[in-house]
Each structure stands twice: as structure tokens, then as C-alpha cells.
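Beneath this line is the structure, given in C-alpha cells, with notes to follow.
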Amino acid sequence: MHHPYIEQYGLIGDMQTSAHVGDNGSIDWLCLPRFDSPAFCAALLGTPKHGAWQIAPTSVVADVAAGAVAERRYRGDSLVLESVWRLPQGTVRVTDFMPPCDGASRPQVIRMVEGVAGAVSMTSVFRPRPGYGRVSPWIHEVGGRVIAEAGADALWLDTSAQQVEKDGAVTGTFTVAEGESVAFVLSWAPSHAASPEVPDPDAALAETLAYWRDWTSQCTYEGPYREAVVRSLITLKAMTYAPSGGIVAAPTTSLPEEIGGVRNWDYRYTWLRDAAITLSSLLRTGYREEAGAWREWLLRAVAGDPESLQIMYGITGERDLPERELGWLPGYEGSGPVRVGNAAANQLQLDVYGEVIETLYLAHKSGVAYCPDTALLHRRLVELLAERWREPDEGIWEIRGERRHFVHSKVMAWVAVDRTIRLAEAGALDVDLFALMELREAIHHEVCVQGFDKERNTFTQSYGSRELDAALLLIPRTGFLPPDDPRVVGTVAAVRRELATPRGLVHRYPTAGHEKGVDGLDGDEGAFLLCSFWLVDALALTGQIADARLLFERLLTLRSDLGLLAEEYDPVSGRQLGNFPQAFSHIGLVESAATLCSVECATAPVMAS
């Protein structure tokens, strides 16, 4: 089966879950009722027989090889996706969206087909396969409504178009002429619950557009890249789980970092690091509510037991995320294994303390109200870090090789202590300042001695190593050393020389090809988009503004037609790789736009402080 490229998918979502819609009109990934629930449509990691829902012109559905694709756009600053097909017999528009979750609502996917010109024959093929494509549901009809039930879940399909069930698929063919429209509404409900109400699609569309209009109007970024920044912020918002305040790293699992490779992981969980950095992007652009909700999530997930702090949790704070392989799914373009769950939950990653505390510091600076419970947790995290910072860890990249003394982990431990001191000095936290200042100095001294290669004038990936790591680019941004320090300038030059492609796309660290490298894995991977944005920031901060802007604008061209970015980019094949869309990449875009803006407008800052 030929898969669409990863970037050929559009995202719709309701802040509980999301769906991936290909430019062939097919929903190939849909987990219900939550991001981390088993998929009903898993064609993304297999074939249409693993679950898909295509609505497209009949000629397109009949001839998969034709590869006719729609022109697509989001309607204004929203998550409402429009796909337009222009055919000899006429033009038709399909509008796909999910009404935002209000905490009590159940997920719905609404698909509206409108005739724009002429008359076009359309076909809908709905093939639900619960359990990640493994289960054939019981499909039957009740009062003109089609229901697909399996175990605890039921999907209700409402439409005025005539539907026929055959071989586990619900199919309907109908014609729309200019000015006519046909709506399809798919509603999830527990199979034991009462039937969901039949919604009014037009009212739901108006409410959804109003929701996004209101949300995006709060954005305080007014710089030159506003369109790209707002699209990235909408994408980040779409990855928040509204009922709990948790934020997923990406709404997919097992999209490969190398086609045919084994680097396929489940990102539908809340990493403290990714969520914290996501919030810093939202806080910088005027969004405080999400920070308050995430802080509540953090307290519920961590508070009773900070001693066994995990680097990631489930979206409502679950601790147990066992990793397993789904042998019946062949994987995206045959890239197996497909994994659900994530064993990295049990790793030690000391940098996480820094990211969490940095976010609590930013929240305070942004006016998020003081919370005594958070202050207690903050103090406990710093005490634990003081005990553990000298230990080797698995680091930001979750290596599955042996633990090391990663320089980035130690720098972020310094950040945790530094931001705690700043909060204490502002009267927002009660701690032993003298002890913390000594600790901050001890970490700083050790990193500068053991993590620095004097011969090459660069910091290294870990103590005593000659390898580099893109995370070293964060040293000037964290304030660990000033941007004009010769060691910073040397490190930025070394990363550019050894980890970047000629066009400035940055790899996280050297991968070993057919041997196991630092990460304990075979194979290679694409350039890591977040690291490429980090290079933009490092260039801007070290005074290389023209290079920074050139690289930033080049990175913008890698976005899909809908402005979306996966985790990585393959500079050889010119394709996006990895889970999609990826919070990290969109955070990188927002932060780099803000950094460019503040460096260039140093005389007249436009970012909200």
C-alpha cells in the first residue's frame, strides 16, 4: 500500500483527541475517546483494512492509483480543515472538524460536503476497526442511525445520505450539486450508555469557529512571522487534553524517524519536558490559562511522591505506561515495530527538573497566581535535585544505551537552582538561599571543567566525550553563560560544523548507522527540527542575525501546506519524518520567532514579558 507522505495529513481535534485527514479525503488515524485510546482508524500504520474513513469524489475513491489530491487550507485561524476538489464535472468542498471539548462533551468528528460548482458524485467509505485495527465491530442500524460497537465503545454515524453495510464497511454514494450540502457526524459514546444526541452540524461549525477566533485573539505576538506563530500555537493547543490540563508530545505513535527503521515510539503521553516547554511558548505569547491547568495536572501527577518523579505520565497522570508491540500492524511504509506505551517512563533524566522549575518561574513572571502546594512541590524537587545532580542519566534524548554525565542535563540542573534562587529573591519562595547559591556555583564549575573540550573550544555531549550534542545550543538561552562568551561561540561553531547539513538542518547527535551508538540503537534518523530552531536562537543570540533569519525562513519552507511539522526532516528525500505534528517542532518555531523579534527589536520589545 502506498501511504501518503506524513506531511500530506491535516490535523483536526477537540482537545481530547484528534484525527489525521489525508489529502485524499481519508481519516487514517483516529483514537477515541482520548489521544492515548486504541485507534478506530489505524490505516496510518497499516492499510485501509486497519480502519479508515474516506470521503472523496467517487472517481478518486475508485482509482487509488490516480492519486488525485485536494487543495487544502484551515479556515482562518482555526482547526477547521477545508479540502477542495476541482474536477471536470464540478467543484466540491469537504469541511472537517471536531467541536472543542467543554469538559463534559464526548468526541465527535463532523464532515460536511458542499457542492461549489457543477455536480460531483461523492463516496463515503467508513471502515471502523477498533483496537488499533484488530477488531471487527458489530455494525447495525437503530432508527436510521448506523452504530459500530465493540466492547466498551460505540460509534454512531448520522447522515442524510443513504448508507449500506458490506464486509465491515459502511458505504454511501451521493451527488452534490452547486449549493447543496450533505453532513456526516460520527459520535463516540460508551457502548452501555444512552444514544448520543443528533447534533446540528451548522451550529457546531459556527461554535467551533467562534471558539478558535476567541482563543487566537488572545495571542500577544505581533512580530513579522505572525501567521506561522499562530498556526503553531493552534497546533500546540490541539495537543492539550482539556479535561486534565495534560499535554501530549504528539498525537501519534510509531511514525518512523527513519523509513524502514526501528526508531518508532509512542508520543501520546505527557513528558514533563515537552509539556513544560510547550507552556513556556504559550506563556510567552499571552496564554496563562493553560499554565494554571497544567500546574494542577502536575500537582495531581507528582505531588504525593516527588521522590519517584517520572519524566512522563499519562494524560491524566497515569504512571504505568508499559511498552508493547502490535504485531498485526505492519507500520508506516513497513517501518515496524509499531509500539504503544513507552518504556522511557522509567528513565532518569535530570534535565526535567530544570524544565519544570523554569516553567513555574515563567508562570510566576507571567502573573499566574501563587500556589502554596506548588511552592511545596518546587522546594521538594530542588532538594531531590541537590541529592541527585551528580548521577549519570539517560538525558534529554532518552538514550537506551548506558547512562552518562550529559552536559545538557547538568546545565538544566543549574537552571533549576538558578530559577529557584530568582523566585526566592523576588519573595515568591522560602528557601535556604546561601545553600542554593553554593550549589549553583558547584554545578557551574563542574560543567565548565568536565564538560568542556579546551582543544576544540566546545562543550561536549557528556563528560570526557569527544561527541557533540545539539542540546548544547541551549547554553546561551538558559543564561548558563553569556552569548558572547568564547566557549559559547566555539560550541555554536562546532555544532554547526559537525552536526548540521550545509543548509543548516541539525542532527541531535551523531548516530552510528549499522552499529549501536550512544543511544543504544541501530540505524540513523533525520535532522531534528527542534534542534534546527535551537541553532536559529543560538545564531541570533551570538550576533549572527542574518544567518539566523535565513535559517529560520528556510525552516518555515519545510512546513506542510497546512503549516504543520513532524519531529524530523530527511534532507536526502525531502520528507518529514517521525510523529506528527510534533509539539517540540512547533515550540521551536514559536520560540525562534520570539527570539528573532526580541534580538532585532531590542530597542522596542514586542513580546509580552
Side-chain angles (χ1 to χ4, degrees), residues 15 100-104 211 214-222 233-234 236-237 239-248 270-306 309 313 315-317 352-385 412 415-433 436 478-479 583 587 590-591 594 598 605-609:
M15 280 66 73
C101 157
D102 62 9
Y211 171 88
D214 176 56
W215 191 80
T216 54
S217 71
Q218 298 165 43
C219 175
T220 55
Y221 173 86
E222 291 294 348
L233 290 170
I234 290 169
L236 292 170
K237 176 66 170 171
M239 291 188 232
T240 57
Y241 181 70
S244 72
I247 301 171
V248 296
T270 300
W271 271 255
L272 293 184
R273 173 191 306 111
D274 301 50
I277 303 175
T278 299
L279 282 180
S280 78
S281 290
L282 289 167
L283 282 165
R284 270 169 205 248
T285 46
Y287 293 96
R288 288 183 202 154
E289 202 176 297
E290 289 75 8
W294 180 77
R295 196 169 67 178
E296 295 290 311
W297 174 90
L298 182 71
L299 287 169
R300 289 191 301 269
V302 178
D305 190 15
L309 178 80
Y313 297 85
I315 50 179
T316 50
V352 162
Y353 292 86
E355 278 111 13
V356 170
I357 287 171
E358 163 93 327
T359 303
L360 296 176
Y361 168 71
L362 274 173
H364 168 75
K365 271 184 50 175
S366 303
V368 177
Y370 174 81
C371 160
D373 293 329
T374 310
L376 196 65
L377 173 62
H378 184 151
R379 282 200 298 273
R380 191 69 198 107
L381 291 177
V382 175
E383 286 166 16
L384 290 165
L385 185 62
M412 292 310 296
V415 167
V417 181
D418 177 72
R419 303 309 189 258
T420 305
I421 290 169
R422 292 194 203 181
L423 278 171
E425 289 174 338
L429 203 62
D430 181 22
V431 289
D432 180 346
L433 258 178
L436 283 180
T478 57
I587 292 159
V590 173
E591 296 275 329
S598 61
V606 293
M607 294 301 294
S609 62

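This structure is a prediction, so every number in the text was calculated from the model and none was measured.
- Counting only distance, with no hydrogens or angles, the side chain of Arg295 and the backbone of Ala363 share no donor-acceptor pair below 3.5 Å.
- The nearest pair of heavy atoms linking Ala275 to Trp294 is CB-NE1, 3.4 Å.
- Considering all non-hydrogen atoms of both residues, Ser281 and Thr285 come closest at O-OG1, 2.8 Å.
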Open item on the list: Between His378 and Val382, does the side chain to side chain contact (heavy atoms under 4.5 Å, CB included) criterion hold? Intermediate values first, please.
Closed with: CA-CA 6 Å; His378 184 151; Val382 175; 3.7 Å; yes
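- Side-chain contact, Glu591 with Ser280: a donor N or O sits under 3.5 Å from an acceptor N or O.
- In terms of modelled atom types and a separation under 3.5 Å, the side chain of Thr270 and the main chain of Ile247 share a donor-acceptor contact.
- Taking all atoms of both residues into account, the shortest heavy-atom contact from Cys219 to Tyr287 is N-OH, 3.2 Å.
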- [ ] Please report the C-alpha distance between Tyr313 and Leu272 in whole Å, then the side-chain angles of each, then the deciding distance to 0.1 Å, and finally whether the side chain to side chain contact (heavy atoms under 4.5 Å, CB included) criterion is met.
- [x] CA-CA 8 Å; Tyr313 297 85; Leu272 293 184; 4.2 Å; yes
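- Glu355 CD to Thr478 OG1: the interatomic distance, rounded to the nearest 0.5 Å, is 10.5 Å.
- Around CD of Glu383, the count of heavy atoms belonging to other residues, nucleotides or ligands within 6.0 Å exceeds 12.
- Note that CG of Leu282 is 11.0 Å distant from CD of Glu289, once rounded to the nearest 0.5 Å.
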TODO: Given side chain to side chain contact (heavy atoms under 4.5 Å, CB included), test Leu233 with Tyr221 step by step and report yes or no.
DONE: CA-CA 11 Å; Leu233 290 170; Tyr221 173 86; 5.8 Å; no
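- In this structure the side chain of Ile315 reaches within 4.5 angstrom of the side chain of Val248, judged on heavy atoms.
- A pairwise comparison of heavy atoms in Tyr241 and Thr316 identifies CE2-CG2, 3.6 Å as the closest pair.
- In this structure the side chain of Leu423 reaches within 4.5 angstrom of the side chain of His364, judged on heavy atoms.
- The shortest non-hydrogen separation linking Ala291 to Val368 is CB-CG2, 4.2 Å.
- Taken to the nearest 0.5 Å, the CH2 atom of Trp215 stands 6.0 Å off from the CD atom of Glu290.
- The line from CZ of Arg379 to OG1 of Thr374 is 11.0 Å long, rounded to the nearest 0.5 Å.
- The line from CG of Leu377 to CG of Leu360 is 7.5 Å long, rounded to the nearest 0.5 Å.
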TODO: Dump the intermediate steps for side chain to side chain contact (heavy atoms under 4.5 Å, CB included) on Leu384 and Arg380, then the final yes or no.
DONE: CA-CA 6 Å; Leu384 290 165; Arg380 191 69 198 107; 3.7 Å; yes
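- In this structure, Tyr353 contributes its side chain and Met412 its backbone to no donor-acceptor pair below 3.5 Å.
- The CG atom of Leu429 lies 12.5 Å from the OH atom of Tyr361; values are rounded to the nearest 0.5 Å.
- Using a 4.5 Å heavy-atom threshold, the side chains of Val417 and Ile421 count as touching.
- The minimum heavy-atom distance between Ile357 and Ala416, with the atom names listed, is CG2-O, 3.5 Å.
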